[in-house]
Undergrad: 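Okay, here's the structure, questions in a sec.
Predicted, not measured: the structure shown is a model, and the values here were computed from it. No hydrogens, no waters, no symmetry mates; every other heavy atom, side chains included, goes into these values.
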Amino acid sequence: MKKSNLYTRGGDRGTTSLVGGERVKKNDVRVEAYGTVDELNAAIGLLMAECGPVDTEAATQLEEISCRLFDLGSYLASIGKDGAMLPPPSEAAVTALEKQIDAVDASTPPFKCFLLPGGHHAAAQAHVARTLCRRAERRMLDVADAGYPLELSALEWINRLSDYLFALSRHLNHVTSTPEIAWKRLEN
């Protein structure tokens with residue numbers, strides 16, 4: 001069996017195809033949104049690798065999140081003015097992520113100050129993923145602002161994901177006995 005080419009040359013002039021075949025410029029708001037979700041998914045992959053030796057349950061949760069991010073990217077690539085061809089994350093997915101947040105957060109002591117990104121390498125990577133998640137959320141809002149009918153559950157899920165990643169960063173520092181870094185106001 002002959003392998004397919006990894007390159008098609010179809011995007012050489014700055015366009016790409018969305019789900020359904022519509023050709024758009026590579027800087028279309030929908031491409032920006034699913035491209036940012038893809039960047040986030042790559043960061044989640046690195047975080048998964050970092051979590052494996054520290055917390056296998058977290059690594060398993062991240063694998064599920066990675067699959068959902070792929071689904072979210074596909075959803076964003078299928079949105080047209082009349083709706084999407086593929087489904088967004090469901091309300092059940094939002095609820096499941098909330099339960100994961102609660103479970104991870106319950107494993108850490110309360111915090112009484114703002115925390116800086118850092119600590120254990122895996123925790124720091126969770127913060128990198130969290131910031132990419134917030135950017136993906138902003139790009140998704142750009143899609144809605146451009147007049148595409150973005151489902152609320154998609155925004156809810158990506159918003160919860162950033163909360164999960166913050167809670168996970170704290171959890172990873174806690175299980176590795178790595179001190180969290182408190183923010184301190186500096187004198188000018």
Undergrad: Quick check: closest heavy atoms across A43 and L132, and the distance to 0.1 Å?
TA: CB-CD1, 3.6 Å

Undergrad: Are I44 and V54 in one and the same hydrophobic cluster, where Ile, Leu, Val, Met, Phe, Trp and Tyr link if side-chain heavy atoms are under 4.5 Å apart?
TA: yes

Undergrad: Within the 4.5 Å heavy-atom criterion, are R139 and V29 side-chain neighbours or not?
TA: no

Undergrad: Can you list the other members of the hydrophobic cluster that holds L186, where links are side-chain heavy atoms under 4.5 angstrom apart?
TA: none

Undergrad: Indicate yes or no for a side-chain donor-acceptor contact from T60 to the backbone of T56 under 3.5 Å, with no hydrogens or angles considered.
TA: yes

Undergrad: Could E156 and R160 be called an ion pair, given the rule that one side-chain N must be under 4.0 Å from one carboxylate O?
TA: no

Undergrad: Report yes or no: do R23 and S17 form a side-chain donor-acceptor pair below 3.5 Å?
TA: yes

Undergrad: Below 4.5 Å, heavy atoms only, C-beta onward: do L76 and V37 meet side chain to side chain?
TA: yes

Undergrad: Could E39 and R135 be called an ion pair, given the rule that one side-chain N must be under 4.0 Å from one carboxylate O?
TA: yes

Undergrad: Can you tell me how far apart NE2 (H127) and CD1 (I181) are? Round to the nearest 0.5 Å.
TA: 8.5 Å

Undergrad: Taking all heavy atoms of V143 and all of A33, pick out the closest pair and write down the distance.
TA: CG2-CB, 3.6 Å

Undergrad: The criterion is ring-ring contact (aromatic ring centres under 6.0 Å, His included); which residues satisfy it with F166, sequence neighbours excluded?
TA: F111

Undergrad: Taking all non-hydrogen atoms of both residues, which atom of P53 and which atom of A49 are closest, and how far apart?
TA: CD-O, 3.4 Å

Undergrad: Any donor and acceptor pair, going by atom type alone, linking the side chain of N173 with main-chain N or O of H120 inside 3.5 Å?
TA: yes

Undergrad: Which distance, rounded to the nearest 0.5 Å, do you find between the OG of S107 and the CG of L172?
TA: 9.0 Å

Undergrad: If you draw a 6.0 Å radius around CG in D82, do more than 12 non-hydrogen atoms from other residues or ligands fall strictly inside?
TA: no

Undergrad: Rounded to the nearest 0.5 Å, how far apart are CG of D28 and CD of E32?
TA: 8.5 Å

Undergrad: Do D55 side-chain atoms and H171 backbone N/O form a donor-acceptor pair below 3.5 Å?
TA: no

Undergrad: Any chance you could lay out the side-chain hydrogen bond (donor to acceptor under 3.5 Å, both in side chains) test for S162 and R130, step after step, and finish with the verdict?
TA: CA-CA 5 Å; S162 63; R130 176 186 56 78; over 6 Å; no

Undergrad: Determine the minimum heavy-atom distance between T176 and T178, stating which atoms define it.
TA: OG1-OG1, 2.8 Å

Undergrad: Is L86 reachable from L72 through a run of hydrophobic residues whose side-chain heavy atoms are each under 4.5 Å from the next?
TA: no

Undergrad: Would you say that Y164 contacts Q61 through its side chain, given a criterion of any heavy-atom pair below 4.5 Å between the two side chains?
TA: yes

Undergrad: Find the distance between CE (M140) and OH (Y148) and round it off to the nearest 0.5 Å.
TA: 15.0 Å

Undergrad: Just how far is it from atom CZ of R170 to atom CG of L168, taken to the nearest 0.5 Å?
TA: 11.5 Å

Undergrad: Taking E91's backbone N and O only, do any of them form a donor-acceptor pair with T95's side chain (distance below 3.5 Å, no angle check)?
TA: yes

Undergrad: With the threshold set at 4.0 Å, does a side-chain nitrogen-carboxylate oxygen contact exist between D163 and R134?
TA: yes

Undergrad: Strictly distance-based, threshold 3.5 Å: is any side-chain N or O of S169 a donor or acceptor partner for the main-chain N or O of A123?
TA: no

Undergrad: Between N41 (side chain) and S66 (backbone), is there a donor-acceptor pair under 3.5 Å?
TA: yes

Undergrad: Please check: side-chain N/O of H174 versus main-chain N/O of P109, any donor-acceptor pairing under 3.5 Å?
TA: no

Undergrad: A side-chain contact here means heavy atoms from C-beta on lying under 4.5 Å apart; do I158 and L40 qualify?
TA: yes

Undergrad: Establish, from distance only, whether the side-chain atoms of Y75 and E151 form a donor-acceptor pair under 3.5 Å.
TA: no

Undergrad: Which atom names give the shortest non-hydrogen contact between L150 and A144, and what distance separates them?
TA: CB-CB, 4.1 Å

Undergrad: Check for a donor-acceptor pair, side chain of R30 on one end and backbone N or O of I79 on the other, with a separation under 3.5 Å.
TA: yes

Undergrad: Is any side-chain heavy atom of I65 closer than 4.5 Å to a side-chain heavy atom of L161?
TA: yes

Undergrad: Answer with yes or no whether the hydrophobic clustering places L69 together with V19; edges join I, L, V, M, F, W, Y residues whose side-chain heavy atoms lie under 4.5 Å apart.
TA: no

Undergrad: Is it the case that one hydrophobic cluster holds both I101 and V175, taking links as side-chain heavy atoms less than 4.5 Å apart, direct or via other members?
TA: yes

Undergrad: Answer yes or no: does atom NZ of K25 have more than 12 heavy-atom neighbours from other residues, nucleotides or ligands under 6.0 Å?
TA: no

Undergrad: How many angstroms lie between atom SG of C51 and atom NE2 of H121, to the nearest 0.5 angstrom?
TA: 11.5 Å

Undergrad: For E63, is the CD atom crowded, meaning more than 12 foreign heavy atoms sit under 6.0 Å from it?
TA: no

Undergrad: If every non-hydrogen atom of E180 is compared with every non-hydrogen atom of L115, which pair is closest and at what distance?
TA: OE2-CD1, 3.4 Å

